[in-house]
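Quick notes on the structure that follows.
Here is the naming used below: chain letters follow the sequence lines, and residue numbers restart at 1 for every chain.
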Protein chains: 2
Amino acid sequence: MNTSSDAERPKIGRREANRRATEEAILNAAETVFAEAGFGGATMQLIADLAGLPKANLHYYFASKEELYRRVVERIFQIWLEAAQAMDDAPGPAEGIGAYIDAKMEISRRYPNGSKVWASEVMHGAPVIQDYLETTLRDWTAGRAAVIQGWIDAGKMAPTDPQHLLYMLWAATQHYADFGHQIEVLNGGPLSDADWRAARESVKQIILRGIGVAI
Amino acid sequence: MNTSSDAERPKIGRREANRRATEEAILNAAETVFAEAGFGGATMQLIADLAGLPKANLHYYFASKEELYRRVVERIFQIWLEAAQAMDDAPGPAEGIGAYIDAKMEISRRYPNGSKVWASEVMHGAPVIQDYLETTLRDWTAGRAAVIQGWIDAGKMAPTDPQHLLYMLWAATQHYADFGHQIEVLNGGPLSDADWRAARESVKQIILRGIGVAI
DNA sequence: CTGCAACCTGACCATATGGTCAGAAATGGA
DNA sequence: TCCATTTCTGACCATATGGTCAGGTTGCAG
């Protein structure tokens with residue numbers, strides 16, 4: 001054994017570990033503040049306070065407010081894309097779309113702030129992730145639409161415009177994050193485990209039956 | 001007859017007419033700017049420029065940025081509520097929910113900025129319309145949920161959680177306004193009349209079939 | 001026509017904010 | 001231990017923004 005039980009992984013010294021932890025803390029704080037106040041309403045001071053750092057320190061790790069924001073949005077997009085794989089390698093729409101809804105509902109529950117930042121970014125014309133929309137997202141969407149069309153051609157689901165089906169999947173699932181506040185007010189409080197389960201099953205039931213898949 | 005063919009309606013002089021027109025122009029400009037930049041990113045100067053007025057004039061009509069914003073949000077909420085009546089007086093879900101989807105899709109198409117401002121407001125915790133959520137919206141939602149439950153009990157549609165069905169209706173329709181930019185990118189340009197028709201029919205098809213209503 | 005009240009606006013102000021920087025403190029290899 | 005490098009931070013700055021106000025202009029009742 002070596003000196004002690006310090007490094008979980010070789011190569012990462014205290015410096016590097018600290019750096020990553022601080023960056024992570026800043027990104028988390030930024031995600032919260034951007035979600036709650038929007039880009040314009042967010043303040044480097046607010047983010048710094050939430051992260052427990054002096055404001056000047058933020059600028060040591062992130063050159064500008066824009067760059068910090070960009071990093072937040074990119075991180076969300078990654079999570080979003082990884083979850084999208086839930087739809088891959090499925091034999092048919094029942095499994096593929098069902099799993100996709102499960103994954104996206106889970107993201108809405110676990111990362112509501114990320115979803116809000118993404119929504120805000122798109123609503124304001126996608127100033128920083130326009131290229132993602134035009135490349136990565138466009139390609140992914142086209143691929144998924146083709147898969148869905150394949151299922152339709154194989155008679156595994158009712159004829160449905162794949163593009164609009166995808167929009168409905170995004171809309172229905174992300175709504176629970178983006179409009180979470182409204183939902184909590186109407187629900188009379190935060191959603192319980194049972195509430196989330198009911199939400200997930202409702203979405204799956206309506207959409208799967210809506211595309212002619214037995215449930 | 002009176003002096004000439006001036007007043008369409010009695011009682012409204014040039015003063016009053018001017019006032020209303022100016023207020024309207026400011027509200028329209030504000031809606032656009034708030035939608036594109038968010039509350040924090042919006043600038044009284046930007047709104048003034050878009051309305052073609054000096055900034056100081058805005059403060060003659062609206063005491064503060066907050067009040068102007070509040071007026072914009074309230075106006076949207078009115079349109080939203082009026083369209084909600086499309087669901088009333090329907091004999092069953094096919095007509096009621098079908099008409100509601102039609103109405104909401106039309107709003108998404110005609111007033112995308114209003115929808116965005118509303119979404120932004122809710123996402124940021126509804127700082128100015130919290131009371132609307134707790135009173136008007138809550139009551140309306142409860143009423144509609146009861147109607148839907150009645151349809152279910154009458155065997156006119158499949159058993160479905162009314163609350164989550166409403167969320168899906170809001171999500172699916174408003175998505176075309178709030179995420180209009182993303183949709184346009186994926187669509188390779190603005191949606192045509194045919195595109196909008198396809199969107200509307202897709203939403204209706206999936207949801208109506210999803211709740212067990214023949215189409 | 002006249003006076004008052006409503007309407008309009010350029011110039012100005014206090015504040016908040018993103019960002020900078022010089023220098024202090026911590027770190028780690030030699 | 002020593003010192004170069006990285007990390008951290010209080011103090012500061014330029015700018016943008018919401019809001020104010022004094023004074024001018026316009027509409028309209030009497």
> Any donor-acceptor pair under 3.5 Å linking the side chain of A:Gln149 with the backbone of A:Pro162?
Replying inline: no
> Residues from residues 29-43 of chain B sitting under 4.0 Å of DNA chain D, heavy atoms only?
Replying inline: B:Ala42, B:Thr43
Show me, pair by pair, the donor-acceptor contacts under 3.5 angstrom made by side chains of residues 37-63 of chain B, not counting sequence neighbours?
from    : atom 1 : to      : atom 2 : distance (Å)
B:Gln45 : NE2    : B:Asp49 : OD1    : 3.1

> Could you give the CD1-to-P distance, from B:Ile47 to D:dG18, as a whole number of Å?
Replying inline: 8 Å
Distances under 3.5 Å only, N/O to N/O: pair up the protein atoms with those of nucleotides 9-14 of chain C.
from  : atom 1 : to      : atom 2 : distance (Å)
C:dT9 : OP2    : B:Asn57 : ND2    : 3.0

> Just how far, in rounded Å, is P of C:dA5 from CG of B:Asn18?
Replying inline: 21 Å
> To the nearest 0.5 Å, how far apart are NZ in B:Lys116 and CG in B:Asn113?
Replying inline: 5.5 Å
> Going through the checks in order, is the side chain to side chain donor-acceptor pair (under 3.5 Å) test met by B:His181 and A:Gln130?
Replying inline: CA-CA 10 Å; B:His181 177 77; A:Gln130 179 71 22; 2.7 Å; yes
> Please give, in whole Å, the distance from D:dT7 P to A:Glu16 CD?
Replying inline: 8 Å
> OP1, OP2 of C:dA6 versus side-chain N and O of B:Arg19: anything below 4.0 Å?
Replying inline: no
> In whole angstroms, how far is the C1' atom of C:dT20 from the NE2 atom of A:His59?
Replying inline: 9 Å
> Between D:dT20 atom P and B:Lys65 atom NZ, what is the distance in whole Å?
Replying inline: 15 Å
> Distance-only, no hydrogens or angles: does the B:Thr32 side chain make a donor-acceptor pair with backbone N or O of B:Asn28 under 3.5 Å?
Replying inline: yes
> Atom CD of A:Glu67 to atom P of C:dG18: distance rounded to whole Å?
Replying inline: 15 Å
>> Would A:Arg75 and A:Glu31 count as a salt bridge (Lys or Arg N to Asp or Glu O under 4.0 Å) here? Give the steps.
In response: CA-CA 10 Å; A:Arg75 199 170 63 151; A:Glu31 183 176 288; 3.3 Å; yes
>> Surrounding CZ of B:Arg138 (heavy atoms of other residues, nucleotides or ligands, distance under 6.0 Å), is the total greater than 12?
In response: yes
>> Without decimals, in angstroms, what is the distance between A:Phe62 CZ and C:dT20 P?
In response: 16 Å
>> The test is ring-ring contact (aromatic ring centres under 6.0 Å, His included); show your working for B:Trp80 and B:Trp170 and say whether it passes.
In response: CA-CA 11 Å; B:Trp80 198 88; B:Trp170 296 342; 5.6 Å; yes
With a cut-off of 3.5 Å and sequence neighbours excluded, list every side-chain donor-acceptor pair involving residues 189-196 of chain A.
from     : atom 1 : to       : atom 2 : distance (Å)
A:Ser192 : OG     : A:Ala194 : N      : 3.3
A:Ser192 : OG     : A:Asp195 : N      : 3.1
A:Ser192 : OG     : A:Asp195 : OD2    : 3.1
A:Asp193 : OD1    : A:Arg109 : NH2    : 2.5
A:Asp195 : OD2    : A:Asn187 : ND2    : 3.4
A:Asp195 : OD2    : A:Ser192 : N      : 2.9

> Nearest-Å distance, CG (A:Leu46) to P (C:dA16)?
Replying inline: 13 Å
>> Regarding A:Glu66, tell me which of base, sugar-phosphate or nothing describes its non-hydrogen contacts under 4.0 Å with the strands shown.
In response: sugar-phosphate
>> Can you list everything that forms a ring-ring contact (aromatic ring centres under 6.0 Å, His included) with B:Phe179? Sequence neighbours excluded, please.
In response: B:His175
Below 3.5 Å between N/O atoms, which protein atoms pair up with nucleotides 23-25 of chain D? Just atom names and distances, please.
none

> Can you tell me how far OG of A:Ser202 sits from CG of B:Leu166, rounded to the nearest 0.5 angstrom?
Replying inline: 11.0 Å
> When you check the phosphate oxygens OP1 and OP2 of C:dC8, does a side-chain N or O of B:Tyr61 lie under 4.0 Å from one of them?
Replying inline: yes
